[in-house]
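Chain letters run A, B, ... following the sequence lines, proteins first, then strands; residues in each count from 1. Computation of the quantities below employed the complete heavy-atom set of this structure, encompassing side-chain atoms and omitting hydrogens, waters and symmetry-equivalent molecules.
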Amino acid sequence: MASEIRTRIYDVVARIPRGRVATYGQIAELAGVGGHARQVGYALHALGGDSPLPWHRVVNAAGQVSRRDDPADEVFQRALLKAEGLRFSAAGRLDLGAVRWKPRSGRPHSSGA
DNA sequence: TGCTTGACATAAT
DNA sequence: CATTATGCCAAGC
């Protein structure tokens with residue numbers, strides 16, 4: 001497999017828990033390819049939607065769904081996120097401070113949420 | 001082999 | 001807060 005980074009990206013995206021979202025840059029970093037945020041989106045685009053990966057949990061740094069070929073897909077993605085209990089702002093953005101996936105099993109040793 | 005494109009991110013205006 | 005400009009690096013042709 002030449003594009004090994006893409007394989008890693010898929011692996012990270014598959015780890016996004018339900019009710020949470022991750023940014024492209026974050027995924028790239030978790031995948032061990034920090035800096036290739038664009039390749040993350042590119043890899044997901046290559047999936048086409050025929051993949052079992054929760055690609056809909058991947059948004060850009062603005063907490064907004066990125067633009068794609070079909071604007072209908074954007075609505076579709078937001079619909080999937082809303083179905084997971086996520087909240088969208090009036091501008092159609094997510095509150096990353098609340099729904100951002102924190103790949104840390106560690107607890108703040110002082111009351112969690 | 002080399003140029004262009006891209007489901008992004010960040011800083012500046 | 002929204003928009004514009006620049007940087008980054010791999011995939012596609």
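Using a 4.0 Å heavy-atom cutoff across all strands shown, A:Glu74 reaches no nucleic acid atom at all. At a threshold of 4.0 angstrom between heavy atoms, the contacts of A:Tyr24 include nucleobase atoms, whether or not backbone atoms are also involved. At the heavy-atom level, A:Gly35 lies nowhere under 4.0 Å from the strands shown. Using a 4.0 Å heavy-atom cutoff across all strands shown, A:His45 reaches at least one base atom of the nucleic acid.
Distance A:His36 NE2 to B:dA7 P: 17 Å, rounded to the nearest Å. Rounded to whole angstrom, the span from the CZ atom of A:Arg57 across to the C1' atom of B:dA7 amounts to 17 Å. The CD atom of A:Gln64 sits 15 Å away from the P atom of B:dA7 (whole-angstrom rounding). When rounded to the nearest whole Å, the span between CZ of A:Arg8 and P of C:dC9 equals 16 Å. Summarising the geometry, the separation between CD on A:Gln39 and C1' on B:dT5 is reported as 11 Å, rounded to the nearest angstrom. The separation between A:Ile5 atom CD1 and C:dA10 atom P is 6 Å, rounded to whole Å. One atom, OH of A:Tyr42, and another, C1' of B:dA9, lie 19 Å apart when rounded to the nearest Å. We find that OH of A:Tyr10 is positioned 10 Å from P of C:dA11, with the value rounded to whole Å.
Side-chain proximity of A:Arg38 to the nucleotides B:dA9, C:dC8, C:dA11 is greatest for C:dC8. Relative to the side chain of A:Trp55, the nucleotides B:dA7, B:dA9, C:dG7 differ in distance, and B:dA7 lies closest.
Between the side chain of A:Asp70 and the backbone N or O of A:Ala72, no donor-acceptor pair lies under 3.5 Å. Of the possible donor and acceptor atoms, none in the side chain of A:Glu29 sits under 3.5 Å from a partner among the backbone N and O of A:Gly34.
Put simply, OH on A:Tyr24 and CG on A:Leu44 are 6.0 Å apart, with the number rounded to the nearest 0.5 Å. A distance of 7.5 Å separates CZ in A:Arg6 from OH in A:Tyr42, rounded to the nearest 0.5 Å. To the nearest 0.5 Å, atom CD of residue A:Gln64 and atom CD of residue A:Glu74 are 8.5 Å apart.
Both A:Arg93 and A:Gly34 lie near DNA chain C, and the one whose nearest nucleotide falls closer to the 5' end is A:Arg93.
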